[in-house]
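Right, one structure below, let's go through it.
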Amino acid sequence: GFVRTPMTESNRFEMPWEMEADDAAERIVTALRKRAKVFRFPWQTSWLVRFSSWLPDRLLARAMRRYNEDPPMNVITKKAG
């Protein structure tokens, strides 16, 4: 999920289910107190990730094609050498 911070302020793409840093921190602290081995939030993102794992690779690749061809942020790759 996305957490509203100075770092995410510069993002120019949609950040669904964005939450305030204090709310995210409370959720994380609660999970730590419960000694949760895994903590996923928000539930919408967690559900989408789980659902996508059931999809055939071909269908998932087709759904992600536009995203992969035009990613929402500038990605700079550094060549070794």
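Position 1 is the first residue of the sequence, and the numbers go up from there.
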Exercise. Closest approach of A24 and V3, non-hydrogen atoms and distance?
Worked result: CB-CG2, 3.8 Å

Exercise. Could you go step by step and tell me if K34 and F39 meet the side chain to side chain contact (heavy atoms under 4.5 Å, CB included) rule?
Worked result: CA-CA 10 Å; K34 292 179 179 179; F39 178 65; over 6 Å; no

For this session: Return the orientation label for the W47 and F51 ring planes: parallel under 30°, perpendicular over 60°, tilted otherwise.
Result: parallel

Problem set entry | Euclidean distance, F41 CZ relative to W17 CH2, rounded to 0.5 Å | 14.0 Å

Problem set entry | Hydrophobic cluster membership, F2 vs I28, 4.5 Å side-chain cutoff | no

Exercise. Are M19 and V29 grouped together when hydrophobic residues (ILVMFWY) are joined by side-chain heavy atoms under 4.5 angstrom apart?
Worked result: no

Seminar exercise, completed: So CD of E20 and CD of E18: to nearest 0.5 Å the spacing works out to 7.5 Å

